Enquirer: 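Can you keep this structure in mind? I'll have questions shortly.
Just so it is clear, the model here is predicted, and its values are computed rather than measured.
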Number of protein chains: 2
Amino acid sequence: MNQYYKKRAKFHVAVDCIIFGFDEGELKLLLLQRNFQPAKGQWSLMGGFAEEEENIDDSAKRVLNELTGLDNVYMKQVGTFGNIDRDPGERVISVVYYALIKINEYDRELVNKHNAHWVKMDEIPPLIFDHPLMVKQALELMQRQSSYEPIGFNLLPPLFTLTQLQTLYEAINAEKMDKRNFRKKVATMDFIEKTENIDKTNSRRGAYLYKFNNKVYKKDPKFNL
Amino acid sequence: MNQYYKKRAKFHVAVDCIIFGFDEGELKLLLLQRNFQPAKGQWSLMGGFAEEEENIDDSAKRVLNELTGLDNVYMKQVGTFGNIDRDPGERVISVVYYALIKINEYDRELVNKHNAHWVKMDEIPPLIFDHPLMVKQALELMQRQSSYEPIGFNLLPPLFTLTQLQTLYEAINAEKMDKRNFRKKVATMDFIEKTENIDKTNSRRGAYLYKFNNKVYKKDPKFNL
DNA sequence: TCAAAAGTGTTAATAGTACACCCATGA
DNA sequence: TCATGGGTGTACTATTAACACTTTTGA
């Protein structure tokens, strides 16, 4: 060990994940009803400890994967929560990330094993420790980012209708939007491409399916919704 | 020690501060030309290790105070940098904050003792480790936040002219603004209050001094510049 | 034929941008 | 008197907001 670091205190470091999903027109979080100690029986975020030989970003990816089986998920650091007593058991510094996942693609078995459940944003149960604050900050960050970066598509299937897209943004921002104004704006973004496919699950008439073209977006990365 | 945490790895945790100041129409950073090991002689951010019985936010305040002698400084967490090899000496996880200080109020003696210097944003020397990335992210965050929250006033004296205010925002965003449009916008924000005082340091005619009234702002917190 | 979701334009209001001259003062 | 920074208004453009009816189709 290098002499300059010898005498310094060391800390437990954890990651916690705020996992967003979009289903039935609602924004949801994947939360654990803990079937393990500590705080067994209570609700919490999915979390885990950072490991010795692991970048913190990778810890977050690993923890998310342990619960959902998913890789290559959009994740963003929210911040670090480092108050002395935030975990009543022992001091743990937690680095918090939010994740956006397609709600039909996760591994049901793993989720069941962890006793995790999708909960609507406005029906979130009391959470342990400072997890409520983490959720609040994650939501605020995600709302802001989703308005100027095309991250919402991570919550949708590869092909989606304009109604789905609008409902998603209404759910994220918790406010209704005007259909014609919304579509006018979408029409200006040529990286949101109409396909020939039609989805008939929600109407007899059917609605055109669209896709997000990231290559086109990268050429002229301007987005706001 | 609680049984659930026993086997977990522990980590050195540090804080690093990106200290912004505004002087002579320019945005500047307070950087250290290190007169101590490791990396002695090289340029870096002001940093320090978190202590056992200290909230991380308080570690940042302490470290800032050690360099500047200042308390009650506006600070905001930028994020946490946790790659394994970011510090070549040993693994250190760093929580990064930016600070906005009034450039005439810091403690010269302390700053000299640390061999710290104010450096213009466009003349930043090569920095150690991942400090350049930290600076980049801090600047981007500060630019975004300064556009929708009245944090810029932390960089100005309590009384300031409109020219100073405009120059500040021009420095933050690295772009010129139109004087009349700028003043029109300021006039709509009634928490930016004109005083009877006149500053004659920059013109024979003198310019009215304004102040930021936080109480008025809180009543109707809308800001954008 | 009718219920239900998809799709489509125009107008008004607001916000943002561009632009040039007079004012007050002390040296 | 003149050089210097302080202060002011108007016209144009772009963006956003409000608003209602027709289309398609399968049951």
Side-chain angles (χ1 to χ4, degrees), chain A residues 22-26 143-144 146-148 156-157 159-190 192-211 220 222-225, chain B residues 22-26 143-144 146-148 150 156-157 159-190 192-211 220-225:
Chain A
F22 177 64
D23 187 34
E24 296 171 335
E26 304 240 33
Q143 286 172 331
R144 235 175 301 130
S146 70
S147 76
Y148 60 82
L156 292 174
L159 295 178
F160 50 85
T161 67
L162 292 184
T163 303
Q164 277 181 292
L165 186 63
Q166 180 175 347
T167 313
L168 170 65
Y169 276 86
E170 289 177 340
I172 289 174
N173 298 308
E175 61 177 28
K176 288 275 167 202
M177 300 181 192
D178 180 272
K179 184 162 60 157
R180 279 175 290 188
N181 292 338
F182 182 85
R183 284 165 186 243
K184 210 188 305 172
K185 228 173 186 179
V186 167
T188 67
M189 302 185 219
D190 51 3
I192 301 177
E193 296 177 344
K194 193 175 188 172
T195 70
E196 290 310 305
N197 305 8
I198 287 176
D199 174 276
K200 293 217 169 187
T201 45
N202 291 307
S203 70
R204 310 193 193 292
R205 178 177 175 176
Y208 276 101
L209 287 162
Y210 288 70
K211 65 181 178 195
D220 184 23
K222 275 167 203 146
F223 181 90
N224 86 305
L225 268 180
Chain B
F22 177 64
D23 186 35
E24 296 172 335
E26 305 240 30
Q143 286 172 329
R144 236 175 299 128
S146 70
S147 76
Y148 60 82
L156 292 175
L159 295 178
F160 49 86
T161 67
L162 293 184
T163 303
Q164 276 180 294
L165 186 62
Q166 178 174 350
T167 313
L168 169 64
Y169 276 85
E170 289 177 341
I172 289 174
N173 299 307
E175 61 178 27
K176 287 275 167 201
M177 299 181 194
D178 180 273
K179 183 165 54 159
R180 277 175 291 186
N181 293 338
F182 182 84
R183 283 163 187 243
K184 210 189 305 174
K185 229 173 184 177
V186 167
T188 67
M189 301 185 221
D190 51 3
I192 301 176
E193 295 177 343
K194 192 174 187 172
T195 71
E196 291 308 306
N197 306 7
I198 287 177
D199 174 276
K200 294 216 170 190
T201 45
N202 291 306
S203 69
R204 310 192 195 291
R205 176 178 176 176
Y208 276 101
L209 286 163
Y210 288 70
K211 65 180 175 195
D220 184 23
K222 275 169 203 144
F223 181 91
N224 87 305
L225 269 180

Enquirer: What is the distance from CE of A/Met177 to P of D/dC19, rounded to the nearest Å?
Expert: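 So the CE-P distance, A/Met177 to D/dC19, works out to 18 Å.
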
Enquirer: Can you work out whether A/Arg204 or B/Lys179 has the more 5'-proximal nearest nucleotide on DNA chain C?
Expert: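 With A/Arg204 and B/Lys179 compared, the 5'-side residue is A/Arg204.
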
Enquirer: Hey, is the main chain of B/Glu175 close enough, under 3.5 Å, to the side chain of B/Asn173 for a donor-acceptor pair?
Expert: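 Such a contact is absent between B/Asn173 side chain and B/Glu175 backbone.
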
Enquirer: OG1 of A/Thr161 to CG of A/Leu209: how many Å apart, nearest 0.5 Å?
Expert: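 Result: 7.0 Å between the selected atoms.
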
Enquirer: Base, sugar-phosphate or nothing for A/Thr161? Non-hydrogen atoms, less than 4.0 Å.
Expert: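 Here A/Thr161 touches no strand at all.
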
Enquirer: Got a sec: does the OH of B/Tyr208 have more than 12 other heavy atoms crowding it under 6.0 Å?
Expert: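 Open: at most 12 neighbouring heavy atoms sit under 6.0 Å from OH of B/Tyr208.
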
Enquirer: Going by modelled atom types, is there a donor-acceptor pair between the base of D/dT15 and the side chain of A/Lys185 at under 3.5 Å?
Expert: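 Between D/dT15 and A/Lys185, which were checked side chain against base, a qualifying N/O pair under 3.5 Å is absent.
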
Enquirer: Report yes if a donor N or O on one partner sits less than 3.5 Å from an acceptor N or O on the other, where the partners are the side chain of A/Lys184 and the base of C/dT10; otherwise report no.
Expert: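 In this structure, the two groups form a donor-acceptor pair.
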
Enquirer: For the atom pair CG (A/Leu162) and CD1 (A/Ile192), what is the distance rounded to the nearest 0.5 Å?
Expert: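 It comes to 8.0 Å.
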
Enquirer: Between A/Lys200 (NZ) and D/dA27 (P), how many Å, whole number?
Expert: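 So the NZ-P distance, A/Lys200 to D/dA27, works out to 10 Å.
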
Enquirer: Taking atom C1' of D/dT8 as reference, at what distance in whole Å does atom OH of B/Tyr208 sit?
Expert: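 Answer to the nearest Å: 14 Å.
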
Enquirer: For the atom pair CZ (A/Phe182) and CG (A/Leu165), what is the distance rounded to the nearest 0.5 Å?
Expert: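 Reported to 0.5 Å precision, the distance equals 4.0 Å.
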
Enquirer: What's B/Asp178 touching, base or sugar-phosphate or nothing? Going by heavy atoms closer than 4.0 Å.
Expert: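 The residue B/Asp178 makes base contact.
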
Enquirer: So, OP1 or OP2 of D/dT4: does either fall under 4.0 Å of a side-chain N or O from B/Ser203?
Expert: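 So the side chain of B/Ser203 is outside the cut-off, no N or O lying under 4.0 Å from OP1 or OP2 of D/dT4.
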
Enquirer: What is the distance from CG of A/Asn181 to C1' of C/dT14, rounded to the nearest Å?
Expert: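 Rounded to the whole Å, the gap is 14 Å.
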
Enquirer: Heavy atoms only, 4.0 Å cut-off, all strands: where does B/Asn202 land among base, sugar-phosphate and nothing?
Expert: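 Counting heavy atoms under 4.0 Å across all strands, the contact made by B/Asn202 is with sugar-phosphate only.
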
Enquirer: Separation of A/Asn224 atom CG from D/dT15 atom P, in whole Å?
Expert: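 To the nearest whole Å, that distance equals 10 Å.
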
Enquirer: If only side-chain N and O atoms of B/Arg180 are considered, is one of them under 4.0 Å from the OP1 or OP2 phosphate oxygen of C/dA20?
Expert: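 No, outside the criterion.
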
Enquirer: Find the distance B/Leu225:CG to C/dA15:P and express it as a whole number of Å.
Expert: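 Computing the B/Leu225:CG to C/dA15:P distance gives 15 Å.
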
Enquirer: Under 3.5 Å, is there an N or O donor on one side and an acceptor on the other linking the side chain of A/Arg205 and the base of C/dA6?
Expert: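 Looking at the base of C/dA6, it does pair with a donor or acceptor on the side chain of A/Arg205 (distance under 3.5 Å).
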
Enquirer: A/Phe182 has an atom CZ; how far is it from atom P of C/dA5, in whole Å?
Expert: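 It works out to 18 Å between those atoms.
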
Enquirer: Without decimals, in angstroms, what is the distance between B/Ile198 CD1 and C/dT25 P?
Expert: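 It works out to 8 Å between those atoms.
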
